[in-house]
Amino acid sequence: MGEIKYDNSLAFAKKMDAEDPLAQYKNQFHIPKINGKTQLYFCGNSLGLQPHLTQKYIQEELNDWAHLGVEGHTDAKHPWKPYHEFLTNNMAEIVGAKPEEVVMMNTLTVNLHLMMVSFYQPTNRRRKIIIEKDAFPSDKYAVESQINFHGFDPKADLLLWEPRKENNYYHTEDLEKLLEENLDEVALILIGVPNYYTGQTFDLKKISELGHAHNALVGFDLAHGAGNIQPNLHDSQADFAVWCSYKYLNSGPGSVGGCFVHEKHADNIDLNRFAGWWGHNKETRFNMRQEFDPIRGAEGWQLSNPPILSMAAIRASLDVFKEAGFHNIREKSIKLTGFLEFLLKDLKDIEIITPKNPKERGCQLSVELKSAGKDFFKKLTASGVIADWREPNVIRLAPIPLYNSYEDVFLLVEKIKSLLDEK
Ligand SMILES: *Cc1c(COP(=O)(O)O)cnc(C)c1O
């Protein structure tokens, strides 16, 4: 992709939209309207918008349930028994994994705990966990509670990878240093990719190599990665990853999450795991009296038969991703975020704390307010923008390639500019 020469004008934004092969996808989503006014929605990193297809797919399951009752497990148009399998190929492609490495199940934090049951096996000597300093609270609570559960002390055994003061960026050299300083003591590295607060993304392969070279296992939380960046999970050699489907994956509030277990662990039946019947061999699952015989690969970690209505929403969204092509989505994303950065760059009183290199970020830009405060954000909201505020002074803006246009981005920055001028 050549360098784009951006221009600060509505005409330029409209021209970009006219040339955008994904432009028509905006019409396939419900864009929120408040008091009759269509909103500029930049909050897809928190809750993705609803594809039109979702209602159709969910309605289909409601109809099959109404007409078939329990027979829907085998006779529904998309039978419920193997329903999760209908999601696997599309999901695997988006996160760069083999289908056997991926399963949609439970929710993110639940999956994180299940993965730590298998991949956090502390010993007296090797028992520490590294997370990034500004990790998402749920991840922090989950790892702290796992450390406690094993009888250790999070105060001593939870290590924080800190961003550098001068630019807020995390450096892998510092992660390496942390591993060296705690030689043979780190059991697990768990990193959010991208970091939810600053939007910085990481080289997953490099982090996995670093961890493995120090005999630590490595997992990633892709809550902000799945459907946003291409994490190439299989090639990264990460041991596991988890994510949710309601942010960039547009599958509805609280919808079912995703889980990746690298192929190298697929046959390891000696790993600790919390088991349930949905993880059992499909051939004999309904014999009901068998010893637990886990399915090979990620599916072997399933617990329960899944919520079909939520799975239908995921199937709808993944079909949209499939049709648009994730490669095209990412390509537009880089341009669209580049445009937002170009327009914001020269505004006074704000600073973008997300890295400038497109390879080190997804679509989100985190904007720090230098002097304005939460009032500014409230005014922005009142002017018809849905974005997201993080204490103490950051607005996160996520232009989503499937349903945000270049014109949306231009209009957003016009609003920000006029509110900053007002002060
Ligand atoms: C959104 C998010 C979560 C939310 O977890 P749930 O279990 O889905 O409620 C957890 N971790 C990160 C990094 C997130 O961004």
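Start at 1 with the first residue, then count along the sequence. Start at 1 and go down the list; that is how both ligands and their atoms are numbered.
- Annotation for ligand 1: atoms under 4.0 Å from non-hydrogen atoms of A223 are 2 (C), 12 (C), 13 (C), 14 (C), 15 (O).
- Screening Y83, W80, W65, F286 for a ring-ring contact (aromatic ring centres under 6.0 Å, His included) involving H73 leaves a single residue, W80.
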Start with the C-alpha gap between N63 and Q59, add the side-chain angles, then the distance that decides, and say whether side-chain hydrogen bond (donor to acceptor under 3.5 Å, both in side chains) holds. CA-CA 6 Å; N63 293 348; Q59 192 58 52; 3.0 Å; yes

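- The ring of F119 has its center closer than 6.0 angstrom to the ring center of H265.
- Given atom 5 (O) of ligand 1, the protein heavy atom at minimum distance is T109 OG1, 3.4 Å.
- No N or O atom of Y196 sits closer than 3.5 Å to an N or O atom of ligand 1.
- Relative to the ring axis of F42, K415 does not place its NZ or CZ within 45° and under 6.0 Å from the centre.
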Could you walk me through whether E60 and H78 pass the side-chain hydrogen bond (donor to acceptor under 3.5 Å, both in side chains) check?
CA-CA 9 Å; E60 201 175 284; H78 292 90; 3.1 Å; yes

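- Taking any N or O of Y246, backbone or side chain, at least one lies under 3.5 Å from an N or O belonging to ligand 1.
- Set against the non-hydrogen atoms of D139, the atoms of ligand 1 under 4.0 Å away are 10 (C), 11 (N), 12 (C), 13 (C).
- Interatomic distance, E162 CD to Y170 OH, rounded to the nearest 0.5 Å: 8.5 Å.
- Less than 4.0 angstrom separates some heavy atom of H224 from each of these atoms of ligand 1: 15 (O).
- Comparing heavy-atom distances from atom 10 (C) of ligand 1 across F220, Y197, F136, W243 singles out F136 as nearest.
- Atom 14 (C) of ligand 1 has its closest protein heavy atom at K247 NZ, 2.8 Å.
- Between Y403 and F29, the angle of the ring planes lies from 30° to 60°, which puts this pair in the tilted group.
- Annotation for ligand 1: atoms under 4.0 Å from non-hydrogen atoms of D221 are 11 (N), 12 (C), 13 (C).
- Checked against a 3.5 angstrom limit, the closest N/O atoms of S138 and ligand 1 fall outside it.
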